Amino acid sequence: QVQLVESGGGLVQAGGSLRLSCAASGRTLSSYSMGWFRQAPGKEREFVVTISGNGVSTTYTDSVKGRFTISREYAKNTVYLQMNFLKPEDTAVYYCAARSGSRATTQIYDYNYWGQGTQVTVSS
């Protein structure tokens, strides 16, 4: 079992930055691909970014390319999402997810473990 705990959400003005963290326990994440998803009120949960188990391969959804960066710190068993130039449309609950297997994937149903989510609110 893998337990994931997100942190770092909050309220920020448009154009600002936040860094989300996803700390894992229970297993070492090096053999897991990781993803960040988000869910805005009244909308379905959507893919944001994924990173492979070895950290080499990443895929971003178009709306965050050039603004968001995913990274992993293996020593701390943690994955980060650096979010810059935030926009009001980035407002959502952000979820961290882990998938057994090193291949990065954008598909929500490929992920086995989920965190509880952290709220990100961007004011205009």
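As the structure is a prediction and not an experimental result, all values here were calculated from the model.
By the 4.0 Å N-to-carboxylate-O rule, K65 lies close enough to D62 to be salt-bridged with it.
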Checklist entry - Does the side chain to side chain contact (heavy atoms under 4.5 Å, CB included) test come out yes or no for S33 and S102, once each step is laid out? => result CA-CA 5 Å; S33 59; S102 61; 5.8 Å; no
Item to check | Verdict with supporting geometry, W36 and E6, side chain to side chain contact (heavy atoms under 4.5 Å, CB included) | outcome: CA-CA 10 Å; W36 286 95; E6 302 98 334; 3.9 Å; yes
Checklist entry - Stepwise, does the side chain to side chain contact (heavy atoms under 4.5 Å, CB included) test hold for M83 with R67? => result CA-CA 6 Å; M83 306 186 295; R67 300 189 298 121; over 6 Å; no
Item to check | side chain to side chain contact (heavy atoms under 4.5 Å, CB included) evaluation trace for N112 with V2 | outcome: CA-CA 9 Å; N112 309 104; V2 175; over 6 Å; no
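Clustering ILVMFWY residues whenever any of their side-chain heavy atoms sit less than 4.5 angstrom apart, transitively, puts Y113 in the very cluster that holds I51. Hydrophobic clustering keeps I70 apart from V93 (ILVMFWY residues linked when any side-chain heavy atoms are closer than 4.5 Å, directly or through intermediates). Connection of V48 to V12 is established within a shared hydrophobic cluster, with ILVMFWY side chains joined at heavy-atom distances below 4.5 Å, either directly or through further cluster members.
Taking all atoms of both residues into account, the shortest heavy-atom contact from A104 to S57 is CB-O, 4.3 Å.
Judged purely by atom type and a 3.5 angstrom limit, T105 uses its side chain to pair as donor or acceptor with the backbone of Q107. Looking at T118, its side chain never comes within 3.5 Å of a backbone N or O of S7 through a donor-acceptor pair. Remark: the backbone N or O of V122 is paired with a side-chain donor or acceptor of T91 at under 3.5 angstrom.
The shortest distance between side-chain heavy atoms of L20 and V120 falls below 4.5 Å. The shortest side-chain heavy-atom distance between Y95 and R45 falls under the 4.5 Å cut-off. Side-chain contact between Q1 and R27 is absent, with no heavy-atom pair separated by less than 4.5 Å. Here the side chains of S17 and Q82 are in contact, with some heavy-atom distance below 4.5 Å. With a 4.5 Å cut-off on side-chain heavy atoms, F68 and D90 count as touching. With contacts defined as side-chain heavy-atom distances shorter than 4.5 Å, the pair L29/Y74 does not qualify. In this structure, the side chains of R103 and S52 stay at 4.5 Å or more apart for every pair of heavy atoms.
For E46, the side-chain contact (heavy atoms from CB on, under 4.5 Å) partners are R38, not counting sequence neighbours. Partners of A97 by side-chain contact (heavy atoms from CB on, under 4.5 Å), not counting sequence neighbours, listed by chain and number: F37, Y111, W114.
Taking OG1 from T78 and CE from M34, the interatomic distance works out to 9.0 Å, rounded to the nearest 0.5 Å. From N77, atom CG reaches atom CG of L4 across 9.0 Å, with rounding to the nearest 0.5 Å.
In this structure, R72 fails the cation-pi test against Y80, since its NZ or CZ atom is not both closer than 6.0 Å to the six-membered ring centre and inside 45 degrees of the ring normal.
Each of T69, L81, T59 was scored for a side chain to side chain contact (heavy atoms under 4.5 Å, CB included) with V49, with one residue passing: L81.
For residues 29-66, no pair satisfies disulfide (SG to SG under 2.5 Å), with sequence neighbours left out.
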